[in-house]
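What follows is a single structure, written as structure tokens, with notes after it.
For the numbers below, each heavy atom of this structure counts, side chains included, while hydrogens, waters and symmetry mates do not.
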There are 2 protein chains.
Amino acid sequence: MRIGELAQASATTIETIRFYEREGLLASPARTEGNYRIYTAAHADRLGLIRQCRNLDMTLDEVRVLLRFKDQPQADCGQVNDLLDQHIGHVAQRIRELRALEGELRTLRRQCTAPHAVADCGILQGIEDAAGQGGNGVGHQGLTARTRTLSR
Amino acid sequence: MRIGELAQASATTIETIRFYEREGLLASPARTEGNYRIYTAAHADRLGLIRQCRNLDMTLDEVRVLLRFKDQPQADCGQVNDLLDQHIGHVAQRIRELRALEGELRTLRRQCTAPHAVADCGILQGIEDAAGQGGNGVGHQGLTARTRTLSR
DNA sequence: TCAAACCCTGTAGTGAGTGTAGAGTCAAGC
DNA sequence: GCTTGACTCTACACTCACTACAGGGTTTGA
């Protein structure tokens, strides 16, 4: 199949597939005379595995490691377990951080209920006070990654 | 004070301070004859505010908006509240996503307890099965940002 | 023969910085 | 005056996992 078909079948974009090839995650497929990529079912399987790992929020480096294990079926799977344990640890850590952050934000938010001038706003005051104290909040221990919802 | 001193005082790096200046978040300071930046207490306050907002996991765009409000003390603070409410919404959303993800990962992890060959590993099997089904997990609805813990 | 749909390569952009090269400045000690 | 070391300067490339172009070539159906 051609790249467009594979993209549709895997709910990926064409650009992402080409990106995975550049990154060495997906083997370079054969080409037609007109230089179009032609993929096999093996490519589709591999891409599916990569996407599923990404859905599990693994980095591409983690995916690379997993794929390497998969290509050595005789190896001991203990390291696969370690990889997953570490990953679970990251996720749990991030949840703890975000929960603490949410608490801080809600506390801050409570400092302004009725609308008034910015100069008297409890929220800005609260942020400034925390800044002045050198910030003893959550983030100072090191927040991890962005919070943003892309709402795809 | 010079940039190194400000960096120490604000627990920031020199590069980050210069980056904020380039981005227009921090006003360009005066220079010495030798072209060194010289900061005032006002700069330090501003930087403290920016860092505190970043500790609250706001984007630089959100910080920009907040700073603009701060520079118009007469304005109504309702929009500051809106900004914070939206931000709290993002954080709460991200927590929900990560909790679902954590559940999925723990389910997957349970599929391999005793060490054996990769070929028979329940974890890899589990990921592949999910991939084959088109992945009905969390991530498919759209995970938001990375999980990574940088452990600074 | 023509248009539409598809595909190609190469490059630049995202956010929020981090890291480096290669140069200049400044203060202290000799 | 000279040297050493700490500090600072600009400019640029790199991170991650894509995404979005520009400017071309290929294929397919009418």
Please encode protein proximity along nucleotides 20-30 of chain D as a string of B, S and -, counting only heavy-atom distances under 4.0 Å. B----BBS---

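In this structure, A:Ile38 and A:Pro29 have side chains that are not in contact, with every pair of non-hydrogen atoms separated by 4.5 Å or more. Considering only heavy atoms from C-beta on, B:Gln111 stays 4.5 Å or farther from B:Gln125 through its side chain.
Ranking D:dC18, C:dA16, C:dT18 by closeness to the B:Arg54 side chain, first place goes to C:dA16. Distances from the side chain of B:Tyr20 to the nucleotides D:dT10, C:dG17, D:dA17 place C:dG17 closest. Minimum atom distance to the side chain of B:Leu60 is reached by C:dG17, of the listed D:dC18, C:dT9, C:dG17. Ranking D:dT8, C:dG17, C:dC8 by closeness to the B:Ile14 side chain, first place goes to D:dT8.
Atom-to-atom, CZ of B:Phe19 to C1' of D:dA13 comes out at 15 Å; the value is rounded to the nearest Å. Distance CZ (B:Arg31) to C1' (D:dC7): 14 Å, rounded to an integer number of Å. For the pair B:Leu26 CG and C:dG17 P, the interatomic distance rounds to 12 Å; values are reported in whole Å. Summarising the geometry, the separation between CD1 on A:Ile17 and P on D:dT19 is reported as 12 Å, rounded to the nearest angstrom. Between the CG atom of A:Asp61 and the P atom of D:dC18 there is a distance of 12 Å, rounded to whole Å. Between the CD atom of B:Glu23 and the C1' atom of C:dG13 there is a distance of 13 Å, given to the nearest Å. Atoms CD (A:Glu21) and C1' (D:dA17) sit 17 Å apart, rounded to a whole Å. The nearest whole Å value for the distance from the CD atom in B:Glu5 to the P atom in C:dA27 is 14 Å.
Under 4.0 angstrom from either OP1 or OP2 of D:dC18 there lies at least one side-chain N or O belonging to A:Arg51. Side-chain nitrogen and oxygen atoms of B:Arg37 include at least one within less than 4.0 Å of the OP1 or OP2 phosphate oxygen of D:dC9. For C:dG17, neither phosphate oxygen OP1 nor OP2 lies less than 4.0 angstrom from any side-chain nitrogen or oxygen of B:Thr13.
Among residues two or more places apart in sequence or in another chain, the side chain to side chain donor-acceptor pair (under 3.5 Å) test is passed with B:Arg106 by B:Glu102. For A:Asp85, the salt bridge (charged side-chain N to carboxylate O under 4.0 Å, His left out) test picks out B:Arg109, with sequence neighbours left out. Listed by chain and residue number, nothing satisfies the side chain to side chain donor-acceptor pair (under 3.5 Å) test with B:Arg2 (two or more places apart in sequence, or in another chain). Shown here are the side chain to side chain donor-acceptor pair (under 3.5 Å) partners of B:Thr107, two or more places apart in sequence or in another chain: there are none. In this view, B:Asn35 and B:Arg31 satisfy the side chain to side chain donor-acceptor pair (under 3.5 Å) rule, not counting sequence neighbours.
Toward the 5' end of DNA chain C, the nearer of the two residues B:Arg64 and A:Ile3, judged by each one's closest nucleotide, is A:Ile3.
Taking the charged nitrogens against the carboxylate oxygens, A:Asp61 and A:Arg64 do have a contact shorter than 4.0 Å, which makes a salt bridge.
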Distance-only check: which donor-acceptor pairs under 3.5 Å involve side-chain atoms of residues 17-27 of chain A, not counting sequence neighbours?
| residue | atom | partner | partner atom | Å |
| --- | --- | --- | --- | --- |
| A:Tyr20 | OH | A:Arg51 | NH1 | 2.6 |
| A:Glu21 | OE1 | A:Arg37 | NE | 2.7 |
| A:Glu21 | OE2 | A:Ser28 | OG | 3.3 |

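Sequence neighbours left out, not one pair with a member in residues 46-86 of chain A passes ring pair (Phe, Tyr, Trp, His ring centres under 6.0 Å).
The rotation axes computed at either terminus of the helix from C:dT1-D:dA30 to C:dC30-D:dG1 lie 30° apart, taking five pairs at each end and rounding to 10 degrees.
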